[in-house]
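Position 1 is the first residue of the sequence; numbering continues from there.
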Amino acid sequence: MSIDAQANLRTLRDVLRFAVTRFSEAGVFFGHGQADAFDEAAFLVMRSLRLPLERLDVFLGAYLTHGEINTLLQQIDLRVKKRLPAAYILKEAWLQGLKFYVDERVIVPRSFIGELLRDQLQPWIADPDGALDVLDLCTGSGCLAILAAEAFTAARVDAADVSADALAVARRNVDDYDLSGRVRLIESDLFAKLPDQRYDLIICNPPYVPDASMQRLPREYKHEPDLALAGGSDGMKVIKRLLREARGHLKRGGLLVVEVGGERATVEKHFGAIPMTWLTTSAGDDMVFLCRQDELP
C-alpha cells in the first residue's frame with residue numbers, strides 16, 4: 001500500500017474515493033452482491049467500520065483514525081491484488097436484508113431464490129403460515145434455509161449439504177439466528193441421508209457451472225469452493241440427479257424450486273418433457289424454475 005495514500009487520506013469520503021479509483025483501475029470483477037466499483041467500495045468501507053450502509057451520506061465527512069485507515073488500505077489491497085471478494089475479507093454477506101457469516105468454505109450468498117422466499121413463494125404456497133416441511137439442498141452457508149424459516153414461521157426446515165465444512169459455517173449462521181430448534185443441518189449427498197423424508201417444499205441452488213465456463217470464471221470466483229460451483233461437462237450433473245429423485249421426497253402437491261443461473265436453455269434441452277414454470281426474479285425469467293410433485297418423473 002502507498003505511504004502517500006496513508007498520508008493524504010483523512011475522511012471516510014477520501015477512503016471511499018480512493019477505493020473506487022483502485023477498483024476501477026484494476027478492473028476487479030463485481031459478481032458477489034455489488035453492481036459496480038462504488039457499491040463495492042461503499043460495502044467494504046462501511047461494513048469494515050461497522051457502520052450501516054444505508055446511512056453512508058451521514059458519515060462521508062467523518063474523520064478516520066490512523067488505525068482505521070491502515071486497516072481499510074490493507075483490505076483494499078486484498079481486494080485488488082488477491083481478487084478476494086469483499087464478503088470474504090469482511091467475513092460477512094447480506095441476502096434479503098439478513099447478515100450471514102461467510103468464509104472460503106462456502107460460496108458468497110447471492111441466490112435469487114431468496115427473493116421468492118421473501119414473498120413466501122406466493123401464489124404457489126397455499127398456506128405459508130402452516131406447519132410446512134421444507135428442505136434446502138446444497139445449503140452452503142445455510143442462508144436459504146434461514147430465509148425459509150423466517151418466511152414460513154411455523155415450518156420445520158432441513159438443510160443438507162455434502163460438505164462438512166459448509167455445514168460448519170451454516171451451523172454458525174443458524175445459531176446466530178437462534179433457529180437450531182427449527183433448522184436441522186444434515187451432511188448428505190442430495191437425498192442420500194434422507195431416505196424416508198417427504199417435504200412440502202424443496203429448494204435448491206445447486207452447482208450448475210459447465211466445465212468450460214469454470215475455466216473462464218473471473219479470479220474472484222476461484223476463491224469459492226469448486227464443489228459448490230462445478231456442474232460437470234454441461235452443468236447438469238447434480239440437476240439430473242435432483243430431478244430424477246425429487247418426486248419420491250415430496251408430499252402430494254409438493255413443490256421443487258431450483259436455481260440454474262443462466263442455464264435455462266440447457267435445462268429445457270435436457271428436461272423438456274418435464275412441465276416447468278419459470279419464476280420471475282430481479283434477473284428475469286431464466287434463473288429459477290418450479291416443478292409440481294405429480295409432474296416430476
Side-chain angles (χ1 to χ4, degrees), residues 22-37 39-40 43-44 75-91 93 95 100 102-114 137-141 143-144 160-167 169-170 189-190 203-244 258-272 276 278 281-289:
R22 288 289 309 278
F23 295 162
S24 298
E25 289 177 346
V28 299
F29 186 82
F30 310 108
H32 292 95
Q34 283 64 251
D36 54 30
D39 286 350
E40 184 88 347
F43 176 63
L44 185 61
Q75 292 175 335
I76 292 166
D77 256 15
L78 276 175
R79 184 67 186 90
V80 170
K81 294 180 180 178
K82 300 290 188 182
R83 290 299 198 266
L84 196 65
Y88 289 154
I89 295 171
L90 297 170
K91 300 292 189 285
L95 189 64
F100 300 99
V102 295
D103 59 34
E104 291 175 69
R105 292 174 289 179
V106 296
I107 62 171
V108 177
R110 51 187 180 273
S111 174
F112 293 104
I113 293 175
L137 284 176
C138 308
T139 193
S141 63
C143 58
L144 292 182
D161 203 290
V162 72
S163 167
D165 284 342
L167 290 172
V169 175
D189 183 2
L190 292 185
I203 57 177
C204 184
N205 182 18
Y208 51 70
V209 182
D211 288 345
S213 298
M214 285 291 295
Q215 303 304 314
R216 299 192 298 267
L217 287 176
R219 283 175 59 194
E220 281 80 358
Y221 292 99
K222 304 297 185 183
H223 294 279
E224 296 186 296
D226 282 355
L227 184 66
L229 295 173
S233 60
D234 58 2
M236 297 293 109
K237 181 179 178 181
V238 174
I239 295 171
K240 288 174 183 175
R241 289 181 53 206
L242 177 62
L243 289 173
R244 187 169 61 243
V258 184
E259 183 160 342
V260 295
E263 302 299 321
R264 176 172 177 170
T266 307
V267 169
E268 292 180 331
K269 173 184 174 182
H270 284 284
F271 314 110
M276 292 178 177
W278 290 88
T281 71
S282 60
D285 303 330
D286 299 328
M287 298 291 177
V288 181
F289 68 80

Quiz item: Ser163 and Leu227: which non-hydrogen atoms are nearest, and at how many Å?
Solution: CB-CD2, 4.0 Å
Practice problem: Compare every heavy atom of Gly140 with every heavy atom of Val106, then report the nearest pair and how far apart it is. | Solution: CG1-C, 3.8 Å
Quiz item: Please walk me through it: do Lys240 and Asp234 pass salt bridge (charged side-chain N to carboxylate O under 4.0 Å, His left out)?
Solution: CA-CA 11 Å; Lys240 288 174 183 175; Asp234 58 2; 3.3 Å; yes
Quiz item: So does Asp77 pair up with Lys82, basic N to acidic O under 4.0 Å?
Solution: no
Practice problem: May I ask you to decide if Val108's main-chain N or O and Arg110's side chain share a donor-acceptor pair within less than 3.5 Å? | Solution: yes
Exercise. Could you tell me which residues satisfy side-chain hydrogen bond (donor to acceptor under 3.5 Å, both in side chains) with Arg244, sequence neighbours excluded, listed by chain and number?
Key: none
Self-check item: Nearest heavy atoms of Asn205 and Ile113, plus distance in Å
Solution: N-CD1, 4.4 Å
Quiz prompt | Heavy-atom closest contact (Phe112 atom, Ser282 atom, distance) | solution = CE2-OG, 3.6 Å
Quiz item: Is there a side-chain contact between Arg83 and Leu78 (heavy atoms, below 4.5 Å)?
Solution: no
Quiz item: Taking everything shown except Lys269 itself, do over 12 heavy atoms lie less than 6.0 Å from its NZ?
Solution: no
Quiz prompt | Which atom of Phe23 lies closest to which atom of Leu44, heavy atoms considered | solution = CZ-CD2, 4.0 Å
Self-check item: Lys/Arg-Asp/Glu bridge criterion (N-O < 4.0 Å) met for Arg105, Asp161
Solution: no
Self-check item: Interatomic spacing from CZ in Arg79 to CD1 in Ile89 - rounded to 0.5 Å
Solution: 6.5 Å
Give every donor-acceptor pair under 3.5 Å between a side-chain atom in residues 260-268 and any protein atom, sequence neighbours left out.
from: Glu263; atom 1: OE1; to: Thr266; atom 2: OG1; distance (Å): 3.4
from: Arg264; atom 1: NE; to: Glu268; atom 2: OE2; distance (Å): 3.0
from: Arg264; atom 1: NH1; to: Asp285; atom 2: O; distance (Å): 2.9
from: Arg264; atom 1: NH1; to: Asp286; atom 2: OD1; distance (Å): 3.2
from: Arg264; atom 1: NH2; to: Glu268; atom 2: OE2; distance (Å): 3.3
from: Glu268; atom 1: OE2; to: Trp278; atom 2: NE1; distance (Å): 3.3

Quiz item: How many angstroms lie between atom CZ of Arg241 and atom CG of Leu243, to the nearest 0.5 angstrom?
Solution: 12.0 Å
Quiz item: His223: what forms a ring-ring contact (aromatic ring centres under 6.0 Å, His included) with it, not counting sequence neighbours?
Solution: none
Quiz item: Is there a side chain to side chain contact (heavy atoms under 4.5 Å, CB included) between Leu90 and Gln75 once you walk through the steps?
Solution: CA-CA 9 Å; Leu90 297 170; Gln75 292 175 335; 4.3 Å; yes
Self-check item: Candidates Ile239, Leu229, Val238 - the one meeting side-chain contact (heavy atoms from CB on, under 4.5 Å) with Pro207
Solution: Val238
Quiz item: Taking C-beta and beyond as the side chain, do Phe271 and Met276 meet within less than 4.5 Å on heavy atoms?
Solution: yes
Self-check item: Worked check of side chain to side chain contact (heavy atoms under 4.5 Å, CB included) between Leu84 and Glu220
Solution: CA-CA 6 Å; Leu84 196 65; Glu220 281 80 358; over 6 Å; no
Quiz item: When rounded to the nearest 0.5 angstrom, what distance separates CG in Leu242 from CG in Leu190?
Solution: 6.0 Å
Quiz item: Does the side chain of Glu40 come under 3.5 Å of the side chain of His32 through a donor N or O and an acceptor N or O?
Solution: no
Exercise. Applying side chain to side chain contact (heavy atoms under 4.5 Å, CB included), run through Thr139 and Leu144 and close with a yes or a no.
Key: CA-CA 7 Å; Thr139 193; Leu144 292 182; 5.7 Å; no
Practice problem: Begin with the C-alpha distance, continue with both residues' side-chain angles, and end with the deciding distance and a verdict on side chain to side chain contact (heavy atoms under 4.5 Å, CB included) for Met214 and Asp226. | Solution: CA-CA 9 Å; Met214 285 291 295; Asp226 282 355; 3.6 Å; yes
Exercise. Specify the closest pair of heavy atoms between Ser141 and Pro109, including all atoms of both residues, with the distance to one decimal.
Key: OG-CG, 3.7 Å
